[in-house]
Protein chains: 2
Amino acid sequence: MATIGDVARAAGVSRSTVSYVLSGKRVISAETKERIEAAIELLGFTPNAGARALATSRTNVLGLYLQFQEDEFAPAMLQYILPVSTTSRAEGYDLLMVTDPDLAGAIRRTTSSHMVDGVVLLDVTYHDARLEPLRQAQQPAVLIGYAQDSAGFDSFDLDFGEAARMAVDHLAERGHREIVLLTPPDHVATRGGSYVWRFRDAAIERAARHGIRLSAHPGASRHPEIAESLDRALDALPGATALIVHNDATVAALPRLLDERGIRVPQDLSVVGVFSQGFGQAFSLPYTAVESLPDRLGELAVAQLVRRIADPSSAGAPVVRLIEPGFFDRGSTRAV
Amino acid sequence: MATIGDVARAAGVSRSTVSYVLSGKRVISAETKERIEAAIELLGFTPNAGARALATSRTNVLGLYLQFQEDEFAPAMLQYILPVSTTSRAEGYDLLMVTDPDLAGAIRRTTSSHMVDGVVLLDVTYHDARLEPLRQAQQPAVLIGYAQDSAGFDSFDLDFGEAARMAVDHLAERGHREIVLLTPPDHVATRGGSYVWRFRDAAIERAARHGIRLSAHPGASRHPEIAESLDRALDALPGATALIVHNDATVAALPRLLDERGIRVPQDLSVVGVFSQGFGQAFSLPYTAVESLPDRLGELAVAQLVRRIADPSSAGAPVVRLIEPGFFDRGSTRAV
DNA sequence: CTGAAAGCGCTTACAG
DNA sequence: CTGAAAGCGCTTACAG
């Protein structure tokens with residue numbers, strides 16, 4: 001492998017001059033610059049990343065840390081990973097993806113060894129064990145999700161309260177008076193998936209304000225529990241004319257479950273889901289949905305992180321931003 | 001951040017001694033070792049990754065390069081990413097995940113700058129443009145998938161020929177004489193997804209040997225084309241008693257598509273799919289399947305790559321290994 | 001059993 | 001407009 005010294009020798013200049021051509025931090029005469037660029041081309045020179053990192057204390061790598069819960073609906077995860085990766089690259093960063101079972105340890109290891117310039121945390125929980133090592137770290141971090149104590153970190157998440165209100169309002173406008181809500185499984189709430197109660201509580205409150213009867217039930221993430229929880233929920237409110245599903249695994253299986261029960265949408269039951277456009281497409285879901293916008297969250301988060309890395313001081317106080325959901329009417333609700 | 005010099009000073013030894021305690025490449029007296037370890041603990045010292053990489057020419061990072069095709073069924077991808085990540089970590093490597101649209105360029109950039117010690121290529125095509133920069137690279141690479149000219153690279157893939165024979169044999173044993181095969185879309189074959197024709201050709205050949213009539217049709221990856229292609233395939237062979245589906249997007253939507261058409265499985269139609277256990281679970285697929293084993297492929301590939309990195313010379317000639325599919329009988333086929 | 005020193009390949013103040 | 005030199009934080013032959 002050619003080094004900067006080889007290039008310098010070939011071009012008849014000093015190593016510093018080559019370095020300045022590379023960085024553009026100095027004006028170099030056109031002629032010299034040309035000679036150097038020719039030498040770079042000829043030798044196929046690429047600066048050594050480790051050496052550069054050592055000299056600059058910057059790696060141009062971001063760390064993405066995520067855990068795959070046994071009980072989680074995996075297909076939903078990729079929608080968050082991709083935009084983070086794409087945006088990182090667009091901003092000039094590569095991405096270290098870490099799925100170590102001991103994520104807190106992995107964060108400690110990779111930040112303190114300066115493998116990464118910044119940290120992206122996915123699927124953040126209310127009391128997230130990963131925040132502690134992050135506070136010790138010198139690198140800035142951004143959270144996708146919502147933690148109780150996010151002090152010091154930029155956070156981005158969907159406004160699940162608003163999502164719930166949008167779903168309830170949509171049904172209220174169509175005259176529905178009894179609604180069943182299927183939430184994520186209880187264990188998701190237990191481990192601190194705040195979107196569970198943020199959505200549920202807002203839905204309950206909004207329904208009450210409309211004078212609507214809303215019955216909330218935890219769904220499941222596996223078969224056959226998914227079907228059982230759906231039955232339980234529907235049985236609990238026999239007069240329900242609408243169903244709000246805030247549960248990936250359930251909504252993915254819903255078309256078949258309803259078919260099997262002979263329930264037609266929207267004739268027998270209006271349905272509103274909570275999922276992204278991509279998710280709806282992958283599973284060919286025919287339901288009107290409040291959209292979760294993972295692309296936008298990933299983009300915003302990475303852009304903010306990069307801003308902090310570039311200028312830690314002037315980037316201002318940490319931002320906690322809840323973004324407004326989208327809405328995609330697929331005609332699965334009717335007026336009653 | 002504490003450096004190795006800080007630790008050395010605190011422990012009253014030289015930097016080299018600290019380094020040797022870290023690497024274990026020298027016997028250090030118990031007493032000295034203890035003092036050093038205490039200092040490391042006290043100062044919270046972690047070796048700087050860049051400095052270490054510069055000194056050793058090793059980063060302990062593997063690169064995973066994947067492209068998300070517009071027309072691809074994304075949910076299937078994650079099953080390959082996860083085992084690669086998990087196995088890498090278990091082998092002591094972190095993982096750089098690269099999704100640059102210009103993957104060949106990204107490979108060139110990350111290998112020649114020595115950001116990675118080895119390369120994992122996912123979703124390899126028959127004439128894969130990523131192989132060229134890989135040949136220039138100093139780092140070893142492993143392919144998951146099948147390329148025409150994989151000379152010089154270790155490759156792992158499912159034995160799709162065997163997968164096809166297993167599916168056909170299974171149906172043959174049950175007396176089926178007319179079978180429809182739904183393949184991946186044509187454009188997948190066009191861009192070199194060799195599994196398309198490896199499966200199809202083997203299925204056709206095997207069916208012929210059994211004296212079975214097999215009619216192969218390209219499926220689609222999007223709605224509503226998926227439904228149309230299914231109809232076309234079934235119409236083409238009205239007497240068919242069985243359907244083999246080698247198409248992720250189609251098989252994921254199949255329960256509903258068949259329901260809508262009033263086709264009961266297995267009473268009206270026997271169905272055999274080609275998908276992994278995890279995929280079947282995520283989409284609650286009730287079909288007997290030839291299993292694609294992404295976990296095993298990821299593990300084997302990374303393990304082999306690590307072996308090559310550790311000992312480039314003695315690892316022997318490149319291996320091209322087609323692994324035998326699994327089989328999961330979910331009772332979706334019957335005797336006719 | 002341990003240390004002094006060279007070297008990995010860059011960047012960047014300092015100097016001219 | 002360009003160069004000589006120090007320094008980033010490690011590892012490892014060389015020496016004792």
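Letters A, B, ... are given to chains in the order of the sequence lines, protein chains preceding strands, and every chain is numbered from 1. Computed from heavy atoms alone, side chains included, the values below leave out hydrogens, waters and symmetry copies.
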* To do: Report yes if some heavy atom in the side chain of A:D157 is under 4.5 Å from a heavy atom in the side chain of A:V124; otherwise report no.
  => no
* Asked: Any side-chain heavy atom of B:I323 within less than 4.5 Å of one from B:L297?
  ->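 Yes. Closest side-chain heavy atoms under 4.5 Å.
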* Return the residues of residues 16-23 of chain A meeting this criterion: a heavy atom under 4.0 Å from some atom of DNA chain C. Order them by number, or give none. =>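 Those residues whose heavy atoms fall under 4.0 Å from DNA chain C, taken from residues 16-23 of chain A in numerical order, are A:S16, A:S19, A:Y20.
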Closest non-hydrogen atom pair, [X] against [Y]:
X: A:L78; Y: A:P83; answer: O-CD, 4.4 Å
X: B:V120; Y: B:V302; answer: CG2-CG2, 4.5 Å
X: B:A106; Y: B:V98; answer: CB-CG1, 3.6 Å
X: B:M77; Y: B:Q67; answer: CE-O, 3.8 Å
X: B:R130; Y: B:Y65; answer: NH1-O, 3.2 Å
X: A:A39; Y: A:A11; answer: CB-CB, 4.2 Å

* To do: Report the C-alpha separation of B:S14 and B:T17 in whole Å, then their side-chain angles, then the decisive distance to 0.1 Å, and conclude whether the side chain to side chain donor-acceptor pair (under 3.5 Å) test is met.
  => CA-CA 5 Å; B:S14 73; B:T17 304; 3.1 Å; yes
* To do: Please determine if A:D102 and A:R109 form a salt bridge, counting it only when a charged side-chain N lies under 4.0 Å from a carboxylate O.
  =>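 Salt bridge between A:D102 and A:R109, a charged N being under 4.0 Å from a carboxylate O: no.
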* **Ionic contact status for B:D128 with B:R191, cut-off 4.0 Å** =>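 No, B:R191 and B:D128 are not salt-bridged.
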* **Short side-chain N/O contact to C:dT11 OP1/OP2 from A:K25, under 4.0 Å** =>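 Checking C:dT11 against A:K25, no side-chain N or O comes under 4.0 Å of OP1 or OP2.
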* Asked: Taking only N and O in the side chain of A:S14, is any of them less than 4.0 Å away from OP1 or OP2 of D:dG3?
  -> yes
* Could you spell out the base pairing of DNA chain D in dot-bracket, with Watson-Crick or G-U pairs whose two distances are under 3.5 Å, [ ] crossing and | to another strand? -> |||.||||||||.|||
* To do: By nearest nucleotide on DNA chain C, pick out whichever of A:R15 and A:R26 is the more 5' one.
  => A:R15
Go through [range] and report each residue with a non-hydrogen atom lying under 4.0 Å from DNA chain D, sorted by number.
range: residues 109-117 of chain A; result: none
range: residues 45-59 of chain A; result: A:L54, A:A55
range: residues 28-40 of chain B; result: none

* Side-chain donor-acceptor pair under 3.5 Å between A:Q79 and A:S276, yes or no? ->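 Short answer, yes.
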* **A:I40: which of A:L22, A:D6, A:I4 passes side chain to side chain contact (heavy atoms under 4.5 Å, CB included)** => A:L22
* To do: Return the value, rounded to whole Å, for the distance between atom CZ of A:R9 and atom C1' of D:dA4.
  => 16 Å
* Would you kindly give the CD1-to-C1' distance between B:I4 and C:dT2, to the nearest whole Å? =>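 Computing the B:I4:CD1 to C:dT2:C1' distance gives 14 Å.
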* With sequence neighbours excluded, residues passing side chain to side chain contact (heavy atoms under 4.5 Å, CB included) with A:D154 ->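 For A:D154 the side chain to side chain contact (heavy atoms under 4.5 Å, CB included) partners, ignoring immediate neighbours, are A:V142, A:F156, A:Q304, A:R308, A:P318, A:V319.
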* To do: Verify side-chain contact (heavy atoms from CB on, under 4.5 Å) between A:L121 and A:I107, making sure each step is shown before the conclusion.
  => CA-CA 10 Å; A:L121 238 51; A:I107 290 176; 3.8 Å; yes
